[in-house]
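The structure under discussion appears below in the form of structure tokens.
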Amino acid sequence: MGIASTDAESVALTEKSFSVSDYDLAATLSSGQAFRWSCQQGAWSSVVAGRWVQLIQNGDTISALTTARDSNWNWLEDYLQLNVNLPEIIRTFPKDAVLTEAVKSSNGLRLLKQNHWECLASFILSSTKQIVQIQHCVELLCQRFGERVPTPEGVGICHAFPTAQRLTQASEAELRACKLGFRAPYLLKSAQQIAQGNLRLDLLQSGSLEEARLQLMTLPGVGPKIADCVLLFAYGFPRAFPVDVWIYKAIQQLYFPNRRVSNQRMQKFTESYFGSNSGYAQQYIFHYMRTKIRRTQQCK
DNA sequence: AACCAGGACACAA
DNA sequence: TTGTGTCATGGT
């Protein structure tokens, strides 16, 4: 209840421009892989690696502004995967009409490399929710349990994503108050597993995709789909292939028209057909289906 | 106003 | 191994 606001101290800002190619920042940040980006007048802002950051794309330039003072931008380059050669990846896609159209409609769509825990927790609370709702829930979690992070003057209060440790101190009721519903106990128990060190998220990176997948699925509330999301969006396993209702319908109608496809057959198809970067292909199809129906609410 | 959403789980057949 | 009901919440 402090009345005296001690924010008088001005926040140091640093900025840097990155030259990019084949990068569609808007498509990437709004494609349902990360849930904390908001856009105002072409400027995207969020909290990455515990720092407030704002991004603006102008053609082949992405300019970044952050509250951190240091000159090391590895955290952002890694997050945005600026070193990834996208055309090389797209070259590995099967050259069918569907993917050709999907790539054409959102060329420059990328995969991010997010924080393991934030991505895992976000997708645990994502099941049978629309993306706007997931964004809302994540924001509530951050506001109530996340550490405050410095922001420039004129920017509202911002919080980091809460650690697993911090969430273990929350009650199920408090999590339900963040609109998590039946997912609340899943998130709470998973946070406990992580906080207690029963599952070390940092160790999954070096193992195989299959091994990491099995490990993640030992967590309550984490099935094959959510595990694959985390493996693709946080660990960067390029073959992880999350199948949600959109992807299932899309593949059914695009690749198996007028034919009922069993789960098993679907899995074999997605594992073999799309190649060594199937996860990227998946994201293109997902984004294509979503933007085809709902005209992208482009922020401009 | 119904229908459905970046699902997982326990349980049935 | 595949099918069904259940769990909350609120957008469209």
Side-chain angles (χ1 to χ4, degrees), chain A residues 27-37 102 106 109-112 114 118-141 144 170-191 193 199 213-235 237 240-254 256 259-270 274 278-297:
Chain A
T28 301
L29 300 183
S30 68
S31 65
Q33 51 181 317
F35 302 104
R36 294 206 65 196
W37 288 96
S106 53
L109 173 62
R110 301 288 192 121
L111 290 179
L112 301 167
Q114 301 177 56
E118 175 171 345
C119 186
L120 170 61
S122 299
F123 276 99
I124 285 177
L125 62 83
S126 77
S127 65
T128 50
K129 273 186 176 299
Q130 299 182 164
I131 289 176
V132 282
Q133 299 181 63
I134 301 168
Q135 291 169 333
H136 184 217
C137 291
V138 168
E139 196 47 44
L140 287 174
L141 274 181
R144 297 180 187 181
S171 66
E172 182 180 323
E174 286 178 303
L175 294 186
R176 282 180 184 267
C178 295
K179 310 301 179 186
L180 296 202
F182 61 83
R183 309 152 192 88
Y186 292 155
L187 181 57
L188 193 52
K189 288 174 193 165
S190 288
Q193 294 299 305
L199 176 52
R213 195 167 189 258
L214 287 176
Q215 288 293 312
L216 286 177
M217 286 175 61
T218 64
L219 295 169
V222 180
K225 188 270 172 181
I226 290 177
D228 282 335
C229 282
V230 177
L231 292 169
L232 186 60
F233 303 143
Y235 288 88
F237 283 102
F241 198 102
V243 177
D244 71 331
V245 292
W246 287 90
I247 290 294
Y248 195 93
K249 282 183 206 162
I251 291 182
Q252 165 96 6
Q253 81 186 47
L254 297 175
F256 300 91
R259 188 141 50 100
R260 166 74 186 152
V261 181
S262 72
N263 271 341
Q264 201 173 64
R265 195 175 166 73
M266 174 71 74
Q267 191 184 344
K268 291 203 166 169
F269 179 72
T270 60
F274 292 103
S278 54
Y280 275 87
Q282 175 276 150
Q283 195 64 6
Y284 273 91
I285 295 174
F286 179 75
H287 193 249
Y288 177 60
M289 295 304 283
R290 285 188 67 229
T291 55
K292 209 167 62 161
I293 293 180
R294 210 167 305 290
R295 310 252 171 227
T296 23
Q297 56 278 10

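Numbered from 1 within each chain, the chains take letters A, B, ... in sequence-line order.
- Atoms CG (A:L187) and P (B:dC9) sit 14 Å apart, rounded to a whole Å.
- Atom name P, nucleotides B:dG6 and C:dG5: the rounded distance is 23 Å, in whole Å.
- Taking every side-chain heavy atom of A:Q264 into account, C:dT1 is the closest of C:dA8, B:dG6, C:dT1.
- For A:D228 and B:dA8, the CG to C1' distance is 14 Å, given to the nearest whole Å.
- Atom CD1 in A:I247 sits about 15 Å away from atom C1' in B:dA5, given to the nearest Å.
- The aromatic ring of A:F286 stacks onto the base of B:dG6, its centre lying under 5.5 Å from the centre of the six-membered base ring with the two planes under 30° apart.
- C:dC7 atom C1' lies 12 Å from atom CD of A:E172, rounded to whole Å.
- Residue A:F233 is in base contact, counting any heavy-atom pair closer than 4.0 Å across all strands shown.
- Between A:N263 and A:Q267 the shortest side-chain heavy-atom distance does not fall below 4.5 Å.
- Side-chain N/O atoms of A:R176 include one lying less than 4.0 angstrom from OP1 or OP2 on C:dA8.
- Atoms CZ (A:F241) and P (B:dG6) sit 17 Å apart, rounded to a whole Å.
- Between A:F269 and A:F274, the angle of the ring planes goes over 60°, which puts this pair in the perpendicular group of the 30/60° scheme.
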Verdict with supporting geometry, A:F233 and A:L112, side-chain contact (heavy atoms from CB on, under 4.5 Å): CA-CA 6 Å; A:F233 303 143; A:L112 301 167; over 6 Å; no

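- At C:dG10, one or more side-chain N or O atoms of A:K179 fall inside 4.0 Å of OP1 or OP2 (strictly under the cut-off).
- Distance, A:Q130 CD to B:dG7 P: 10 Å, rounded to whole Å.
- When the C1' atom is used for both B:dA1 and C:dC7, the distance is 22 Å, rounded to whole Å.
- Considering only heavy atoms from C-beta on, A:L125 comes within 4.5 Å of A:V138 through its side chain.
- Across all strands, A:Q135 comes closer than 4.0 Å to no nucleic acid atom at all (heavy-atom distances).
- Side-chain atoms of A:Q33 and A:S31 include a donor-acceptor pair closer than 3.5 Å.
- A:S126 comes within 4.0 angstrom of the backbone, heavy atoms only, and of no base.
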A:I226/A:Y186 under side-chain contact (heavy atoms from CB on, under 4.5 Å): CA gap, chis, key distance, verdict: CA-CA 12 Å; A:I226 290 177; A:Y186 292 155; over 6 Å; no

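- On a pure distance criterion of 3.5 Å, a polar donor-acceptor pair joins the side chain of A:R183 and the base of C:dA8.
- Heavy atoms of A:I134 sit nowhere under 4.0 angstrom from any nucleic acid atom.
- The separation between A:R290 atom CZ and B:dC4 atom P is 18 Å, rounded to whole Å.
- Closest to the side chain of A:F182, from the set C:dT2, C:dA8, B:dA8, is C:dA8.
- Residue A:G221 is classed as a sugar-phosphate contact, given heavy-atom separations below 4.0 Å to backbone atoms only.
- Residue contacts shown for A:S31 include a base, since a base heavy atom lies under 4.0 Å away.
- Along DNA chain B, the nucleotide nearest A:D244 and the nucleotide nearest A:Y186 are compared for position; the residue whose nucleotide lies closer to the 5' end is A:D244.
- Looking at A:Q133, its side chain has no donor and acceptor atom pair within 3.5 Å of the base of B:dG6.
- To the nearest angstrom, P of B:dG6 lies 17 Å from CG of A:L232.
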